[in-house]
Amino acid sequence: MKVLVVGSGGREHALCWAIARSPKCGQLYCAPGNAGIARVAACVDIPADGLGPLVDFAKREAIDFVVVGPEAPLVAGLVDRLERAGIKAFGPSAAAARIEGSKALMKDLCAKYDIPTADFEAFDECDAAKEYIRARGAPIVIKADGLAAGKGVILCRNLNEAFAAIDHIMTERSFGGAGDNVVVEEFLHGEEVSFFALVDGTTAVPLVSAQDHKAAFDGDEGPNTGGMGAYSPAPVMTSELQERVMRDIIQPTVNGMVAEGMPYKGVLFAGLMIDPEGHPKLLEYNARFGDPECQVMMMRLKSDILEMLLACAEGRLSDIRVEWHDEAALVVVMAAKGYPGPYAKGTEIGGLEAAGELAGVTVFHAGTTADDGRVLADGGRVLGVTAMGGGVAEAQALAYAAVDRIDWPEGFCRRDIGWRALHRP
Ligand code: AMP
Ligand code: GLY
């Protein structure tokens, strides 16, 4: 069959890499793709948010199945438009994708369907929000409602920080329209874990857990990023805990979305906090695979990803079995110096072949472009050096051995990806 993947990040490279191995995959396209994706798929020069051109391309090329990677085209309604044009697609409708796009919607769903989450209140008015904050006290968490490129969450240690956060979001409108409403939320303590499930409207199939490292620098210091590395599985996620998350969080969400008239189809990415007593609470939902979590998931997946995504889109998830390698996988993100602030583009990256030759290593590309046989950096997060090993320690050693073969003086990476798993009591 003819498959089109939409996106250009490390997540989409990992998806293309896995889909290309499926016996079902005839021709594989990616829009817009990157230099690494170009080795496994035909890249099409249409941006991921070019909804009209993407639908036209899919019709013209008689694409059988479209897999949408990032959230923006989902929230904008790409899957709805493809389906209206008679093209099968993986990912939620615009209405269902609001589970990521609108924090207030997600929190209301939790309240209505008894899904464990932090206590919260939503406000569209500054003074009322501040009054509530004063009553609840600090620490407290302030979130801009709507998509704010992962920066709309402010963890406040004291009341002054909380009031400043409200002003920043609502008065100064630092996140634009995403700040019309804020969610004020209880500060949760514990260990964070990402958990993924495929959902076909009614049936949810658990995938695996992962942990990512959001801070830019070693020791979880510095500004938040899209993710500087990840590993899977997350040791905190035992099979008992996974069952509990499926029963108390994922399935009630799936049922609630049906009851609300916006059945969820696609991958449901739950950001969870596991409290010191081992109780899980939902921090957030994303309507897509994580990046870089997807890279480690695709490395660990034994089953045919294309079969899985198709079964999801066709409402047949109850028929499938998903198998994983027991090994751990770990990804180290290499980013352009300066990221997540301003950074240079166009610097040359060497050593990619040597790194990829190590057994058990795959170098996924994110912001790269090809130029006359050379690979140039073309974004903030640039490479996802991914390795599989017997455990997290082995995967980590292998991933850093591969990093050390990469010759890119203008790039940097964290040197401690996986520390949480390696320092468990
Ligand atoms: P979110 O985008 O909602 O996942 O928030 C981004 C990050 O902020 C999360 O990954 C957590 O590290 C942190 N965070 C969000 N909500 C809370 C909360 N209620 N308590 C403590 N930390 C939180
Ligand atoms: N790595 C976190 C995310 O994809 O949202």
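- The closest donor-acceptor contact from the side chain of Arg300 to the backbone of Glu327 lies under 3.5 Å.
- A salt bridge links Asp167 with Lys130: the distance from a Lys NZ or Arg NE/NH1/NH2 to an Asp or Glu carboxylate oxygen falls below 4.0 Å.
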The test is side chain to side chain contact (heavy atoms under 4.5 Å, CB included); show your working for Glu192 and Asp212 and say whether it passes.
CA-CA 9 Å; Glu192 261 185 270; Asp212 80 341; 5.9 Å; no
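- Residues Val3 and Asp64 are not in side-chain contact: their nearest non-hydrogen atoms beyond the backbone lie 4.5 Å or more apart.
- No side-chain donor-acceptor contact under 3.5 Å links Arg11 to the backbone of Gln295.
- The environment of Arg247 atom CZ is dense: over 12 non-hydrogen atoms of other residues, nucleotides or ligands sit within 6.0 angstrom.
- Under a cut-off of 6.0 angstrom, the local environment of CD in Glu353 is sparse, with at most 12 non-hydrogen atoms contributed by other residues, nucleotides or ligands.
- Applying side chain to side chain contact (heavy atoms under 4.5 Å, CB included) to Ser209 and the options Val236, Thr238, Val193 leaves one that passes, Val193.
- Taking 4.0 Å as the cut-off between side-chain N and carboxylate O, Lys214 and Asp220 do not count as a salt-bridged pair.
- Side-chain contact between Met334 and Val403 is present, with at least one heavy-atom pair separated by less than 4.5 Å.
- Around CZ of Arg415, the count of heavy atoms belonging to other residues, nucleotides or ligands within 6.0 Å exceeds 12.
- Shown here for Leu188 and Met273, the closest heavy-atom pair between the two residues is O-CE, 3.4 Å.
- The backbone N or O of Val392 lies less than 3.5 Å from no partner atom in the side chain of Gln396, so there is not a single donor-acceptor pair.
- Taking a 6.0 Å sphere around CD of Glu61, one finds it holds more than 12 heavy atoms contributed by other residues, nucleotides or ligands.
- Looking at every heavy atom in both residues, Tyr343 comes nearest to Ala336 through CB-CB, 3.8 Å.
- Listed by first then second residue, pairs satisfying ring-ring contact (aromatic ring centres under 6.0 Å, His included) with a partner in residues 266-301 read Phe196-Phe269, not counting sequence neighbours.
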Should Tyr29 and Val5 be marked as a side chain to side chain contact (heavy atoms under 4.5 Å, CB included) after you check the CA-CA gap, both sets of side-chain angles, and the distance that decides it?
CA-CA 6 Å; Tyr29 299 88; Val5 172; over 6 Å; no
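- Under the 3.5 Å distance criterion, the side-chain polar atoms of Asn34 are matched with a main-chain donor or acceptor of Ser8.
- Closest approach of Leu282 to Ala270, counting heavy atoms only: CD1-CB, 3.9 Å.
- Side-chain contact check for Gln211 and Glu293: no donor-acceptor pair (N or O, by modelled atom type) lies under 3.5 Å.
- Looking only at side-chain heavy atoms (C-beta outward), Ser303 and Trp324 stay at 4.5 Å or farther from each other.
- A salt bridge links Glu185 to Lys107: one of the charged nitrogens lies within less than 4.0 Å of a carboxylate oxygen.
- The closest donor-acceptor contact from the side chain of Arg414 to the backbone of Val333 lies at 3.5 Å or more, if one exists at all.
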Assess whether side chain to side chain contact (heavy atoms under 4.5 Å, CB included) is satisfied between Leu352 and Val375, documenting all intermediate values.
CA-CA 9 Å; Leu352 288 165; Val375 173; 3.8 Å; yes
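- A pairwise comparison of heavy atoms in Ser232 and Val296 identifies CB-CG2, 3.9 Å as the closest pair.
- Taking the side chain as every heavy atom from C-beta outward, Val199 and Cys312 never approach each other to under 4.5 Å.
- Scanning all heavy atoms of the two residues, the minimum distance from Ala355 to Ile406 falls at CB-CG1, 3.7 Å.
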Would you check, one step at a time, whether the test side chain to side chain contact (heavy atoms under 4.5 Å, CB included) holds for Leu198 with Met308?
CA-CA 8 Å; Leu198 282 183; Met308 288 162 57; 4.0 Å; yes
Audit row: Lys337, Glu410, salt bridge (charged side-chain N to carboxylate O under 4.0 Å, His left out) steps and yes/no
CA-CA 6 Å; Lys337 281 182 185 163; Glu410 293 81 4; over 6 Å; no
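- Between the CZ atom in Arg21 and the CE atom in Met298 there is a gap of 10.0 Å [rounded to 0.5 Å].
- The two residues Tyr264 and Met257 make their nearest non-hydrogen contact at N-CB, 4.1 Å.
- A distance of 5.5 Å separates NZ of Lys143 from CG of Leu283, quoted to the nearest 0.5 Å.
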Atom pairs and distances, donor-acceptor, side-chain atoms in residues 43-51, under 3.5 Å, two or more places apart:
none

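- Separating the SG atom in Cys30 from the CD1 atom in Ile37 is a distance of 4.0 Å, to the nearest 0.5 Å.
- Between Leu310 and Lys88, the closest side-chain pair of non-hydrogen atoms falls below 4.5 Å.
- The distance from the CD1 atom of Ile99 to the CG atom of Leu268 is 5.5 Å, given to the nearest 0.5 Å.
- Side-chain polar atoms of Asp304 and Ser22 form a donor-acceptor pair below 3.5 angstrom.
- Applying the ring-ring contact (aromatic ring centres under 6.0 Å, His included) definition to pairs two or more places apart or across chains, those involving residues 344-391 are His13-Phe364, His13-His365, Trp17-Phe364.
- Under 4.0 Å is where a charged nitrogen must lie from a carboxylate oxygen, and between Glu307 and Lys24 at least one such pair does.
- Between Lys281 and Asp248 there is no salt bridge, since no side-chain nitrogen of the basic residue lies less than 4.0 Å from a carboxylate oxygen of the acidic one.
- Annotation: the span from Cys413 atom SG to Met228 atom CE amounts to 7.0 Å, rounded to 0.5 Å.
- Comment: Asp372 does not engage Arg374 in a salt bridge, judged by the lack of any side-chain N to carboxylate O separation of less than 4.0 angstrom.
- A heavy-atom distance below 4.5 Å is not found between the side chains of Leu272 and Ser194.
- Between Phe120 and Val184 there is no side-chain heavy-atom pair separated by less than 4.5 Å.
- Looking only at side-chain heavy atoms (C-beta outward), Ile133 and Ile142 come within less than 4.5 Å of each other.
- Using a distance-only test at 3.5 Å, with no hydrogens or angles considered, no donor-acceptor pair links the side chain of Asp80 to the main chain of Ser93.
- Relative ring orientation between Tyr132 and Phe123 is described as tilted, the plane-to-plane angle lying within the 30° to 60° band.
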